Amino acid sequence: MKKVSIDNVVFGEGIPKIIVPLVGKTKVEILQEIEIVAQSDCDVVEWRIDHYEKVLDFEETATFSKKVKQAINKPLLITFRTVKEGGVCPLQDEKYFELYHALMERGDLDLLDIELFMPTEAVKKAVSKAHEKGIKVIMCNHDFDKTPTKEEIIQRLRTMQEKEADICKIAVMPQNTHDVIVLLDATQEMYHNYADRPLITMAMGKLGVVSRVSGATFGSSATFGAAKQVSAPGQVSVNKLKNILTSL
(Lines give C-alpha, C1' and ligand atoms only; values in the text may rest on other atoms or scores of the structure.)
Protein backbone atom coordinates (compact mmCIF):
# COMPACT_ATOMS: atom_id res chain seq x y z
CA MET A 1 0.00 0.00 0.00
CA LYS A 2 1.18 3.52 -0.81
CA LYS A 3 1.99 5.77 2.11
CA VAL A 4 1.26 9.49 2.07
CA SER A 5 3.99 11.62 3.63
CA ILE A 6 3.74 15.29 4.55
CA ASP A 7 6.76 16.55 6.44
CA ASN A 8 7.15 14.01 9.27
CA VAL A 9 3.51 12.86 9.18
CA VAL A 10 2.99 9.56 7.35
CA PHE A 11 -0.53 8.31 6.64
CA GLY A 12 -0.62 4.53 6.39
CA GLU A 13 2.11 3.97 8.97
CA GLY A 14 1.97 3.68 12.76
CA ILE A 15 -1.03 4.69 14.82
CA PRO A 16 -3.84 6.66 13.15
CA LYS A 17 -3.03 10.32 12.69
CA ILE A 18 -5.13 12.94 14.50
CA ILE A 19 -6.64 15.77 12.47
CA VAL A 20 -8.07 18.80 14.28
CA PRO A 21 -10.49 21.25 12.65
CA LEU A 22 -10.48 25.04 12.82
CA VAL A 23 -14.07 26.30 12.60
CA GLY A 24 -13.78 29.97 13.59
CA LYS A 25 -15.74 32.55 11.62
CA THR A 26 -13.34 35.47 11.87
CA LYS A 27 -9.58 35.82 11.57
CA VAL A 28 -9.37 36.56 15.28
CA GLU A 29 -11.37 33.44 16.19
CA ILE A 30 -9.29 31.26 13.86
CA LEU A 31 -6.00 32.54 15.25
CA GLN A 32 -7.29 31.99 18.80
CA GLU A 33 -8.20 28.42 17.86
CA ILE A 34 -4.70 27.92 16.48
CA GLU A 35 -3.22 28.89 19.85
CA ILE A 36 -5.27 26.12 21.47
CA VAL A 37 -4.46 23.60 18.72
CA ALA A 38 -0.75 24.36 19.10
CA GLN A 39 -0.95 22.98 22.64
CA SER A 40 -2.58 19.75 21.52
CA ASP A 41 -0.91 16.57 20.34
CA CYS A 42 -2.42 16.53 16.85
CA ASP A 43 -0.72 15.67 13.57
CA VAL A 44 -2.64 17.72 10.98
CA VAL A 45 -4.81 20.84 11.18
CA GLU A 46 -7.92 21.15 9.02
CA TRP A 47 -9.15 24.64 8.18
CA ARG A 48 -12.89 24.39 7.52
CA ILE A 49 -13.14 27.41 5.26
CA ASP A 50 -16.92 27.07 4.86
CA HIS A 51 -17.11 28.57 8.38
CA TYR A 52 -14.89 31.54 7.48
CA GLU A 53 -16.89 34.77 7.09
CA LYS A 54 -14.82 35.97 4.12
CA VAL A 55 -14.67 32.66 2.25
CA LEU A 56 -16.57 34.09 -0.73
CA ASP A 57 -13.68 36.50 -1.27
CA PHE A 58 -11.46 33.89 -2.88
CA GLU A 59 -8.32 36.04 -3.00
CA GLU A 60 -8.67 37.01 0.65
CA THR A 61 -9.12 33.35 1.62
CA ALA A 62 -6.05 32.30 -0.36
CA THR A 63 -3.99 35.07 1.21
CA PHE A 64 -5.12 34.24 4.74
CA SER A 65 -4.29 30.55 4.20
CA LYS A 66 -0.63 31.58 4.19
CA LYS A 67 -0.98 33.09 7.65
CA VAL A 68 -2.86 30.03 8.90
CA LYS A 69 -0.19 27.70 7.54
CA GLN A 70 2.60 29.75 9.10
CA ALA A 71 0.84 29.90 12.46
CA ILE A 72 0.06 26.19 12.83
CA ASN A 73 3.52 24.92 11.90
CA LYS A 74 1.91 21.57 10.99
CA PRO A 75 0.52 20.08 7.78
CA LEU A 76 -2.56 22.03 6.71
CA LEU A 77 -5.68 20.45 5.21
CA ILE A 78 -8.13 22.91 3.65
CA THR A 79 -11.77 21.90 3.37
CA PHE A 80 -14.84 23.61 1.97
CA ARG A 81 -17.62 21.31 3.12
CA THR A 82 -20.72 21.75 0.98
CA VAL A 83 -24.14 22.15 2.57
CA LYS A 84 -25.32 18.81 1.20
CA GLU A 85 -22.48 17.09 3.07
CA GLY A 86 -22.77 18.98 6.34
CA GLY A 87 -21.22 22.37 5.59
CA VAL A 88 -22.54 25.79 6.54
CA CYS A 89 -22.08 28.00 3.45
CA PRO A 90 -24.07 27.53 0.23
CA LEU A 91 -21.85 27.62 -2.85
CA GLN A 92 -22.46 26.62 -6.46
CA ASP A 93 -20.29 23.80 -7.79
CA GLU A 94 -18.44 26.01 -10.26
CA LYS A 95 -17.60 28.48 -7.49
CA TYR A 96 -16.42 25.62 -5.27
CA PHE A 97 -13.81 24.73 -7.84
CA GLU A 98 -12.97 28.37 -8.58
CA LEU A 99 -12.23 28.80 -4.88
CA TYR A 100 -10.09 25.68 -4.80
CA HIS A 101 -8.07 26.71 -7.85
CA ALA A 102 -7.43 30.13 -6.25
CA LEU A 103 -6.19 28.39 -3.11
CA MET A 104 -3.91 26.06 -5.07
CA GLU A 105 -2.50 28.89 -7.18
CA ARG A 106 -2.08 31.59 -4.55
CA GLY A 107 -2.55 30.01 -1.14
CA ASP A 108 -0.52 27.71 1.08
CA LEU A 109 -1.72 24.21 1.97
CA ASP A 110 -0.57 20.60 2.08
CA LEU A 111 -3.84 18.72 1.59
CA LEU A 112 -7.11 19.57 -0.13
CA ASP A 113 -10.49 17.98 0.60
CA ILE A 114 -12.53 17.25 -2.54
CA GLU A 115 -15.99 15.73 -2.36
CA LEU A 116 -16.59 12.56 -4.37
CA PHE A 117 -20.01 13.47 -5.75
CA MET A 118 -18.93 16.65 -7.51
CA PRO A 119 -18.96 16.94 -11.33
CA THR A 120 -16.55 14.34 -12.69
CA GLU A 121 -14.56 16.53 -15.05
CA ALA A 122 -14.16 19.32 -12.49
CA VAL A 123 -12.93 16.80 -9.90
CA LYS A 124 -10.43 15.41 -12.40
CA LYS A 125 -9.02 18.88 -13.17
CA ALA A 126 -8.80 19.80 -9.48
CA VAL A 127 -7.00 16.58 -8.57
CA SER A 128 -4.57 17.08 -11.46
CA LYS A 129 -3.88 20.68 -10.43
CA ALA A 130 -3.34 19.66 -6.81
CA HIS A 131 -0.80 17.04 -7.80
CA GLU A 132 0.99 19.52 -10.07
CA LYS A 133 1.35 21.79 -7.05
CA GLY A 134 2.51 18.99 -4.75
CA ILE A 135 -0.76 19.07 -2.79
CA LYS A 136 -2.28 15.79 -1.57
CA VAL A 137 -5.99 15.12 -2.08
CA ILE A 138 -8.34 13.66 0.49
CA MET A 139 -11.46 12.65 -1.44
CA CYS A 140 -14.50 12.23 0.73
CA ASN A 141 -18.16 11.41 1.11
CA HIS A 142 -20.44 12.06 4.08
CA ASP A 143 -23.84 10.53 4.72
CA PHE A 144 -25.53 12.26 7.64
CA ASP A 145 -28.80 10.36 7.24
CA LYS A 146 -27.84 6.71 7.23
CA THR A 147 -25.18 4.03 6.81
CA PRO A 148 -25.04 2.66 3.25
CA THR A 149 -24.57 -1.06 2.70
CA LYS A 150 -21.11 -2.52 3.06
CA GLU A 151 -20.94 -3.01 -0.68
CA GLU A 152 -21.85 0.63 -1.33
CA ILE A 153 -19.27 1.93 1.15
CA ILE A 154 -16.56 -0.16 -0.51
CA GLN A 155 -17.65 0.95 -3.97
CA ARG A 156 -17.46 4.63 -3.03
CA LEU A 157 -13.97 4.18 -1.59
CA ARG A 158 -12.84 2.29 -4.70
CA THR A 159 -14.24 5.07 -6.89
CA MET A 160 -12.14 7.58 -4.94
CA GLN A 161 -9.06 5.50 -5.73
CA GLU A 162 -10.01 5.46 -9.40
CA LYS A 163 -10.28 9.25 -9.31
CA GLU A 164 -6.66 9.41 -8.06
CA ALA A 165 -7.31 10.55 -4.50
CA ASP A 166 -4.24 10.21 -2.29
CA ILE A 167 -6.41 9.37 0.73
CA CYS A 168 -9.99 8.04 0.55
CA LYS A 169 -12.44 9.12 3.26
CA ILE A 170 -16.02 8.21 4.12
CA ALA A 171 -18.18 9.14 7.12
CA VAL A 172 -21.63 7.68 7.77
CA MET A 173 -24.39 8.06 10.34
CA PRO A 174 -25.32 4.88 12.22
CA GLN A 175 -28.87 4.29 13.40
CA ASN A 176 -27.89 1.30 15.56
CA THR A 177 -24.85 -0.73 16.56
CA HIS A 178 -25.22 -2.95 13.50
CA ASP A 179 -24.56 0.07 11.30
CA VAL A 180 -21.28 0.68 13.13
CA ILE A 181 -20.30 -2.94 12.47
CA VAL A 182 -21.18 -2.47 8.78
CA LEU A 183 -18.82 0.53 8.57
CA LEU A 184 -16.01 -1.34 10.34
CA ASP A 185 -16.51 -4.45 8.23
CA ALA A 186 -16.45 -2.39 5.04
CA THR A 187 -13.25 -0.71 6.25
CA GLN A 188 -11.40 -3.94 6.92
CA GLU A 189 -12.57 -5.53 3.67
CA MET A 190 -11.54 -2.48 1.66
CA TYR A 191 -8.21 -2.31 3.47
CA HIS A 192 -7.33 -5.98 2.95
CA ASN A 193 -8.80 -6.61 -0.50
CA TYR A 194 -8.86 -3.41 -2.53
CA ALA A 195 -7.02 -0.45 -1.01
CA ASP A 196 -3.67 0.62 -2.42
CA ARG A 197 -3.60 3.91 -0.51
CA PRO A 198 -4.61 5.14 2.97
CA LEU A 199 -8.23 5.20 4.10
CA ILE A 200 -10.10 7.33 6.62
CA THR A 201 -13.45 5.93 7.74
CA MET A 202 -15.78 6.70 10.60
CA ALA A 203 -19.30 6.30 11.90
CA MET A 204 -20.52 9.57 13.36
CA GLY A 205 -22.47 10.39 16.51
CA LYS A 206 -22.28 8.74 19.94
CA LEU A 207 -22.79 5.26 18.50
CA GLY A 208 -19.86 5.72 16.16
CA VAL A 209 -17.23 6.88 18.65
CA VAL A 210 -15.68 3.40 18.74
CA SER A 211 -14.97 3.68 15.00
CA ARG A 212 -12.97 6.86 15.58
CA VAL A 213 -10.48 5.09 17.83
CA SER A 214 -10.23 1.66 16.17
CA GLY A 215 -8.48 2.59 12.94
CA ALA A 216 -5.32 0.66 13.71
CA THR A 217 -7.40 -2.50 14.05
CA PHE A 218 -9.68 -2.13 11.03
CA GLY A 219 -7.58 -0.10 8.58
CA SER A 220 -8.40 3.60 8.96
CA SER A 221 -5.27 5.76 8.87
CA ALA A 222 -6.57 8.89 10.62
CA THR A 223 -9.28 10.25 12.84
CA PHE A 224 -10.67 13.68 13.68
CA GLY A 225 -10.44 15.12 17.18
CA ALA A 226 -11.55 18.38 18.78
CA ALA A 227 -9.16 20.84 20.40
CA LYS A 228 -11.96 23.34 21.07
CA GLN A 229 -15.16 23.04 19.02
CA VAL A 230 -16.25 19.88 17.22
CA SER A 231 -16.90 19.97 13.47
CA ALA A 232 -18.87 16.71 13.30
CA PRO A 233 -20.96 14.71 15.77
CA GLY A 234 -19.02 12.23 17.87
CA GLN A 235 -15.59 13.87 17.83
CA VAL A 236 -13.43 13.22 20.90
CA SER A 237 -10.98 15.70 22.42
CA VAL A 238 -7.46 15.40 21.04
CA ASN A 239 -5.75 14.50 24.29
CA LYS A 240 -8.26 11.76 25.13
CA LEU A 241 -8.01 10.49 21.57
CA LYS A 242 -4.22 10.32 21.67
CA ASN A 243 -4.27 8.35 24.92
CA ILE A 244 -6.81 5.87 23.58
CA LEU A 245 -5.01 5.39 20.25
CA THR A 246 -1.68 4.87 21.99
CA SER A 247 -3.17 2.37 24.43
CA LEU A 248 -4.85 0.37 21.66
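Bear in mind that the values here come from a model prediction, so they are computed numbers and not experimental data. Count residues from 1 along the sequence.
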Against the six-membered ring of Phe117, is Lys84 placed for a cation-pi contact (under 6.0 Å from the centre, within 45° of the normal)? no
Relative to Phe64, does Lys54 satisfy both conditions: NZ or CZ under 6.0 angstrom from the six-membered ring centre, and within 45 degrees of the ring's axis? no
Checking [X] side chain against [Y] main chain: does a donor-acceptor pair fall under 3.5 Å?
{"X": "Thr187", "Y": "Gly219", "answer": "no"}
{"X": "Asp43", "Y": "Val9", "answer": "no"}
{"X": "Ser214", "Y": "Thr217", "answer": "no"}
{"X": "Glu189", "Y": "Ile154", "answer": "no"}
{"X": "Glu33", "Y": "Leu22", "answer": "no"}
{"X": "Lys17", "Y": "Val10", "answer": "yes"}
{"X": "Ser221", "Y": "Pro16", "answer": "no"}
{"X": "Glu46", "Y": "Thr79", "answer": "no"}
{"X": "Gln175", "Y": "Asp145", "answer": "yes"}

How about [X]: does its [atom1] atom have over 12 heavy atoms from other parts shown lying under 6.0 Å from it?
{"X": "His192", "atom1": "NE2", "value": "yes"}
{"X": "Gln70", "atom1": "CD", "value": "no"}
{"X": "Glu94", "atom1": "CD", "value": "yes"}
{"X": "Tyr191", "atom1": "OH", "value": "no"}

Given the rule that I, L, V, M, F, W and Y join up when any side-chain heavy atoms are under 4.5 Å apart, are [X] and [Y] in one cluster?
{"X": "Val55", "Y": "Val88", "answer": "no"}
{"X": "Ile181", "Y": "Leu183", "answer": "no"}
{"X": "Met118", "Y": "Ile78", "answer": "yes"}
{"X": "Val83", "Y": "Met204", "answer": "no"}

Salt bridge check, [Y] against [X]: does any charged N sit closer than 4.0 Å to a carboxylate O?
{"X": "Glu53", "Y": "Lys27", "value": "no"}
{"X": "Glu164", "Y": "Lys124", "value": "no"}
{"X": "Arg158", "Y": "Glu162", "value": "no"}

The residue among Leu77, Val44, Asp166, Asp110 that forms side chain to side chain contact (heavy atoms under 4.5 Å, CB included) with Ile6 is Asp110
Distance col, row Arg81:CZ vs Asp113:CG, nearest 0.5 angstrom, shows 4.0 Å
So which atom in Pro148 and which in Ile153 form the shortest heavy-atom distance, rounded to 0.1 Å? O-CD1, 3.6 Å
Give the ring-plane orientation class for Phe97 versus Tyr100, where under 30° counts as parallel, over 60° as perpendicular and anything between as tilted. perpendicular
Establish, from distance only, whether the side-chain atoms of Asp185 and Gln188 form a donor-acceptor pair under 3.5 Å. yes
When you compare the side chains of Thr63 and Glu59, does any donor N or O come within less than 3.5 Å of an acceptor on the partner? no
